Novice: 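Handing you a structure now.
Naming: A, B, ... by sequence-line order, numbering from 1 per chain. Every value quoted in this text rests on a predicted model; they were computed, and no experiment measured them.
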Amino acid sequence: MAAPIGSTIFGGGTIQHFRPSSAVQRTEAARASGMGSAGLARLQGLFAVYKPPGLKWKHLRDTVELQLLKGLNAGKPPAPQQRVRFLLGPVEGSEEKELTLTATRVPSLIDHPLVRGLAFTSLKVGVGHRLDSQASGVLVLGVGHGRGLLTDMYNAHLTKNYTVRGVLGKATDDFCEDGRLVEKTTYGFLTSPGKLLQPPGLDQVYCQRSHQLTIDHVTREKLNRILAVIQGSHQKALVTYSNLDLQTQEAYEMAVSGVIRPMNKSPMLITGIRCLQFAPPEFLLEVQCMHETQKQLRRLVHEIGLELKSTAVCTQVRRTRDGFFTLDDALLRTQWDLPSIQDAIQAAAPRVAAELKKSLRPWLGTQEPPGPGQPWDSERPRSALGPESHVGH
Amino acid sequence: MLFCSLGRATLRKMALSAQQISRWLNSSKLSSFMTALQLRRRFQRPETTLSCGVFAQPRVSSEGCFLQWGFRTYRTSSLWNSSKSADSSRQEINCAQSTLLPSVNEPSQRTPKIPSLDSELSLEGLDDVPPLSPLQPISDDEAVQIIAGPPLPPSSVTLRDYVDHSETLRKLVLLGVDLSKIEKHPDAANLLLRLDFERDIKQMLLFLKDLGIEDTQLGPLLTKNYAIFSEDLENLKTRVAYLQSKNFSKVDIAQMVRNAPFLLSFSVERLDNRLGFFQKELELSVKKTRDLVIRLPRLLTGSLEPVKENMKVFRLELGFQQNEIQHMITKIPKMLTANKRKLTETFDYVHNVMCVPHRVVVRSPQVFNTRLFKVKERHLFLAYLGRAQYDPTKPNYISLDNLVSVPDGIFCEAMAKASVRDFEKFLKTL
């Protein structure tokens, strides 16, 4: 901070006054502006923004913080403070005409906005699951008490939905379209059935088909088969990483109903994957996953390309759902201002509270309370039942 | 220090400290001041007097003559000029005074007058007065006149501590100067504290007003260029005269100073050099250079390196001709100081992705003044709808200027022929 300002000697007598107490000064920021403090009270919770591609998540967070500060500082300034000054003077009315101290209020400039500066200079905004620069989609932010809820959301280990767009025909080093080209391949065999080479171990059914299949159906079928294999292998991994002993009845029931997921750290796990569109060379996948990074999703596209005996790069990764925040809840750039964000927080608050409560309490399913012989130790996972069934699809 | 209530006991304590300080500072003047005070008091209230022997008497001494004083209040030297109190208003605290000191008799009690001491006031008091003790009893009225509030901090990081005590600062705040910004520069803050409004600042303000700057605009100008107070008024007048000699009208000069607060802090030589640079570099006529500078006066106050860089970028990287550059600069002077990287990124997108040739870009240079994301979003929406047509010769042409400068509502309605909701839905698919 700046070096101390040197003193000066004011000519003549000193002006005596009594300052407002320091306790009052400390709470100045709270009562700074009528709108500001009330605005801050409504600014506690979680909300989602839509991160456009090409914008770093940190810049987004800083932009949101600046816009919120602008809104908070725009409130009306407080009433001008007055200070009490004890002045000496003769008292009329009493016979003695003695000098007594009388208290007068004189206006003080201590709290003038031009002297005090802005009421709000910084605001802590937290970010949930991050998105890298090229990715876009739902990004959850937390402000005030909501920052604690971000940790709860992380610990709830909810799944996320992505739409991933890929292009066949080339491979790059960072799996993106503008990366350094590593390989170029053909993919025509994926569209014309006649030239298709039969990959070993796959597609026995196709060989036996005699009639001409439509191009889309064949190629899409190939892709679907690969996606099914991927989903199956990840399903196994889900059960493995959830540390459940499958010999117990409860665990079996959970596995049957498909709600098992790891509640601690694990590599990227895909709980669901399917192809939405396939128009060679482009294809669009929908992926439901957890503990992922966007780079791993691009690598997935690359690997799908390899599985298809071709190559593919990823052109778009877009998050459509993060836990219980969907695209409808996400605020666009034009809506990154104080009123919209306050409304978004209010709208999302009941849902957030309900979902987090459900996610974080232990799974209660159909089992009876633990008897003496039951292995109810601390390693027992607490996978939740509710959110998975209606949050996923 | 917290002062919750004015108690006589507190006054007494304050009296002690003030008395000590005053004794250290000017003990020689003390007795004369006190004598004068006594004289005044005697004039004001002839019926109640204090003997001047009181202040000569240390409390602990047991000398006989001066001990019979009715009320023993402590007295100190008041640093406060009692003449200033004439305008005080009567408030509720009067009654409290008589009740605050139970050990003291009523203030109205008369003490025996000792007329013999009147003549001794000026002369003998000066010689005999020993140094005052803080335990010296004084009269009630003198105690009331003790004013020992919290002292001003000798140094501080903020001007808030001094603003109530300095007429200069108060007047500056009322003018609209932002002290919270100036206090970040300690030299500036020190300067302002030491200046006197009447003597130094008023001249400067009158000069700026003569220049044509409104009262409301003085505040922001002084906040930015607080160093103008240390400038010589003669120099400023010379610079204004120079600008006028270059055919800048008074109104123009006022506008320039408003938009570039540091303009008048530049010497005549520097201003001359800069005007010459722009004329040579841009190869513009005198009149056009003048208009350019009036429109963006910070060209004269900012650094010239970015301007040189940007000229090279336009010519070499983006491939514009000199006359095209001149046309764009006269329309959008900000391009000269824009960020080099942003210029190239924007042009790359407009030329290579949107496939807009140079001659069309020259006609609407506003694209270089907008954020790239705006251009991208709107172009992608139009491309999705099949309306991305930027060639003036073909039908359904959309000019780049319109594309970037209109608000969202008008863009959606007039150019995209869709609703804003559709645009928002589209944005969420990017």
Side-chain angles (χ1 to χ4, degrees), chain A residues 1-8 10 12-19 21-23 50 52-55 83 86-104 106 108-118 136-137 163 316 318 320 327-328 330 332-335, chain B residues 2-3 6 44-45 48 79-82 84-94 97 107-108 141 144-145 147-157 159-160 162-166 169-170 173 176-181 183-186 189-190 193-194 373 377 408 424 427-430:
Chain A
M1 198 33 211
I5 301 171
S7 69
T8 183
F10 297 115
T14 51
I15 305 170
Q16 320 305 350
H17 74 288
F18 291 96
R19 286 182 199 211
S21 65
S22 53
Y50 188 88
L55 183 63
R83 58 191 169 104
F86 289 90
L87 303 171
L88 224 47
V91 181
E92 291 162 12
S94 71
E95 298 92 32
E96 290 101 13
K97 287 231 173 109
E98 59 183 25
L99 293 176
T100 50
L101 286 171
T102 53
T104 39
V106 294
S108 162
L109 283 175
I110 280 189
D111 274 334
H112 195 276
L114 289 176
V115 178
R116 189 200 55 211
L118 292 173
S136 60
T163 56
Q316 187 199 43
R318 178 173 141 251
T320 50
L327 272 182
D328 298 328
L332 284 171
R333 204 193 293 256
T334 47
Q335 296 161 318
Chain B
L2 299 175
F3 295 95
L6 179 63
Q44 281 171 0
R45 285 159 312 131
T48 320
L79 298 169
W80 178 76
N81 199 341
S82 58
K84 280 191 187 161
S85 74
D87 55 343
S88 72
S89 54
R90 41 216 54 71
Q91 294 291 333
E92 61 276 14
I93 210 165
N94 299 335
Q97 287 205 330
S108 57
D141 300 305
V144 157
Q145 287 177 13
I147 299 170
L152 282 179
S155 68
S156 163
V157 293
L159 283 174
R160 286 178 73 201
Y162 304 114
V163 73
D164 280 331
H165 303 255
S166 166
L169 290 180
R170 197 184 77 87
V173 171
V177 177
D178 195 340
L179 291 185
S180 63
K181 295 204 175 113
E183 70 191 12
K184 293 186 179 135
H185 309 270
N190 280 331
L193 278 172
R194 281 166 174 74
F373 71 79
E377 283 171 2
D408 273 347
E424 286 177 3
L427 286 180
K428 286 194 179 173
T429 65
L430 285 181

Novice: Can you name the salt bridge (charged side-chain N to carboxylate O under 4.0 Å, His left out) partners of A/R318, sequence neighbours left out?
Specialist: none
Novice: Considering all heavy atoms of both residues, which atom of A/Y50 and which atom of B/L427 are nearest to each other, and what is their separation?
Specialist: CE2-O, 3.5 Å
Novice: Can you tell which of B/L430, B/V177, B/V163, B/L179 has the highest number of heavy-atom pairs within less than 4.5 Å of chain A?
Specialist: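 Looking at each option in turn, the highest pair count goes to B/L430.
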Novice: How close do A/L327 and B/K428 get, heavy atom to heavy atom, and via which atoms?
Specialist: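 Where A/L327 meets B/K428 most closely, the heavy atoms are O-NZ, 2.8 Å.
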Novice: May I ask you to name which of A/P113, A/G54, A/A330 has the most heavy-atom pairs under 4.5 Å with chain B?
Specialist: A/A330
Novice: Using the side chain to side chain donor-acceptor pair (under 3.5 Å) criterion, which residues pair with A/T320? Sequence neighbours excluded.
Specialist: none
Novice: Does any backbone or side-chain atom of A/T334 lie under 4.5 Å from a heavy atom of chain B? Answer side chain, backbone, both or neither.
Specialist: side chain
Novice: Identify which of A/R333, A/H112, A/Q335 forms the greatest number of heavy-atom pairs closer than 4.5 Å to chain B.
Specialist: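 Going by pairs under 4.5 Å, I would pick A/R333.
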